[in-house]
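Here is the structure we will look at.
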Amino acid sequence: MDKNMAIKNWDSLDNWQKFDMFGLMFLGSIPTATFPPSTSICKFREEFAKAKHIVVITGAGVSQESGVPTFRGQDGYWRNKRVQELATVEQFEKNPSKLWQFYHYRREGMVNKLPNKAHIAISECEKRLKSQGRRVVVITQNTDELHKRAGSENILEMHGSLFKIRCTKCQDVTANTDSPICPALAGKGAPDLETDEDNIPLDKLPRCKKAGCGGLMRPHVVWFGEALDPSILAKAEAEMEKCDLCLLIGTSSVVKPVSLFGPRLSILGTPVAEFNTEETPVTKSLGYHFQGPACMLIPEALAKHESEPV
């Protein structure tokens, strides 16, 4: 597609066509705004007061403040193996025992983790604005369900959940919070490098309980190299189509397609505010950037505005 022709005809396109064109034009490089992003919380609060359909996109950074490992950088290893190389379909097919020990470790590690002030502020904002006929929806890359535990109801889990499992045979998806998830995994999965890697027999790993199936279960998460659930992606795109204010909270903005959500909205004229401890690859394409911990920034950003009814 000729970029100059695309831009010339921009005003004649509907939003969906603009979204598609944006993906084609800028998939490899995020456009930079003419002016640097604003750091004025007062100006952002004015946008917040007017917004009717708020989309909150969250990443690992918001849960890191609850003590949840991000599995990036120095945290990105388990038993000396990089998580990006471990969490794949190929590794699960090769050694399901190893993958289940890793995910058992992650599930058990959530037992003492609690939603933090950012999770709670988002949930309280959703409830408060609902009574005003306004909508708040969370699109999260996290699999820890902390948004759900904080009380949020409108949640789209782009990468699945640690507390859902899927049958590799019948594809049945089941919510599961058992601890341990099966007897054979009790006490397994510690990241200690001296730990011997037990090869748990297939028939002792989590199995499907659906009548007549009994297939091997896997974590209902999106592994590296896997595509997102198209139904979840379609719901996210539908929310963005209606969005009139977007918050990017604690996301590195490097994992596509979610990393393009903010810039897509920004180029269409929707106010987008990034809340992060550092700049990201999309920072300069957005309208706002607030640097610092989400626990400190989000309660103030989403607090009740003076224009809201008492």
Gln141 and Thr58 side chains, donor-acceptor separation under 3.5 Å
no
Determine whether a donor-acceptor pair (N or O, by modelled atom type, separation under 3.5 Å) exists between the side chain of Ser66 and the backbone of Leu114.
yes
On the six-membered ring of Trp100, is Arg218 placed so that its NZ or CZ lies under 6.0 angstrom from the centre and within 45° of the ring axis?
no
Among Asp178, Asn176, Thr177, whose side-chain hydrogen bond (donor to acceptor under 3.5 Å, both in side chains) with Arg107 holds?
Asn176
Give every residue pair that meets the ring pair (Phe, Tyr, Trp, His ring centres under 6.0 Å) criterion with at least one member in residues 113-133, sequence neighbours excluded.
His119-His147
Ignoring hydrogens and geometry, is there a side-chain-to-backbone donor-acceptor pair from Lys98 to Leu86 under 3.5 Å?
no
Is it true that a side-chain atom of Thr168 and a backbone atom of Met217 form a donor plus acceptor pair closer than 3.5 Å?
no
Let me have the donor-acceptor pairs involving side chains of residues 47-56, under 3.5 Å, with sequence neighbours excluded, atom names and distances please.
| unit_1 | atom_1 | unit_2 | atom_2 | d |
| --- | --- | --- | --- | --- |
| Glu47 | OE2 | Tyr288 | OH | 3.2 |
| His53 | NE2 | Glu239 | OE1 | 2.6 |

Glu278 versus Gln291, side-chain donor and acceptor atoms under 3.5 Å
no
Considering only residues two or more places apart or on different chains, which pairs with a residue in residues 53-71 satisfy salt bridge (Lys or Arg N to Asp or Glu O under 4.0 Å)?
none
Any chance the side chains of Glu274 and Thr283 put a donor and an acceptor closer than 3.5 Å?
yes
Residues which pass side-chain contact (heavy atoms from CB on, under 4.5 Å) with Thr39, listed by chain and number, not counting sequence neighbours:
none
Lys127: which residues meet the side-chain contact (heavy atoms from CB on, under 4.5 Å) condition with it, sequence neighbours left out?
Ser123
Classify the side-chain pair Glu157/Thr140 by whether it contains a donor and acceptor separated by less than 3.5 Å.
no
Glu126/Asn154 under side chain to side chain contact (heavy atoms under 4.5 Å, CB included): CA gap, chis, key distance, verdict
CA-CA 8 Å; Glu126 177 188 328; Asn154 303 325; 3.5 Å; yes
Go through Leu286 and Val282 one step at a time and tell me if the side chain to side chain contact (heavy atoms under 4.5 Å, CB included) criterion holds.
CA-CA 7 Å; Leu286 308 177; Val282 306; 3.9 Å; yes
Ring pair (Phe, Tyr, Trp, His ring centres under 6.0 Å): pairs with one or both residues in residues 247-279, sequence neighbours excluded:
Phe44-Phe275, Phe275-Phe290
For the residue pair Val221 and Ser161, establish whether any side-chain heavy-atom pair is separated by less than 4.5 Å.
no
Lys113 side chain to Gly109 backbone, donor-acceptor under 3.5 Å:
yes
Is it true that a side-chain atom of His220 and a backbone atom of Arg166 form a donor plus acceptor pair closer than 3.5 Å?
no
Just do the salt bridge (Lys or Arg N to Asp or Glu O under 4.0 Å) check on Arg45 and Glu300 with the steps written out, would you?
CA-CA 9 Å; Arg45 293 279 292 163; Glu300 178 184 4; over 6 Å; no
Is there a donor-acceptor pair closer than 3.5 Å between any side-chain N or O of Asn142 and the backbone N or O of Asp144?
no
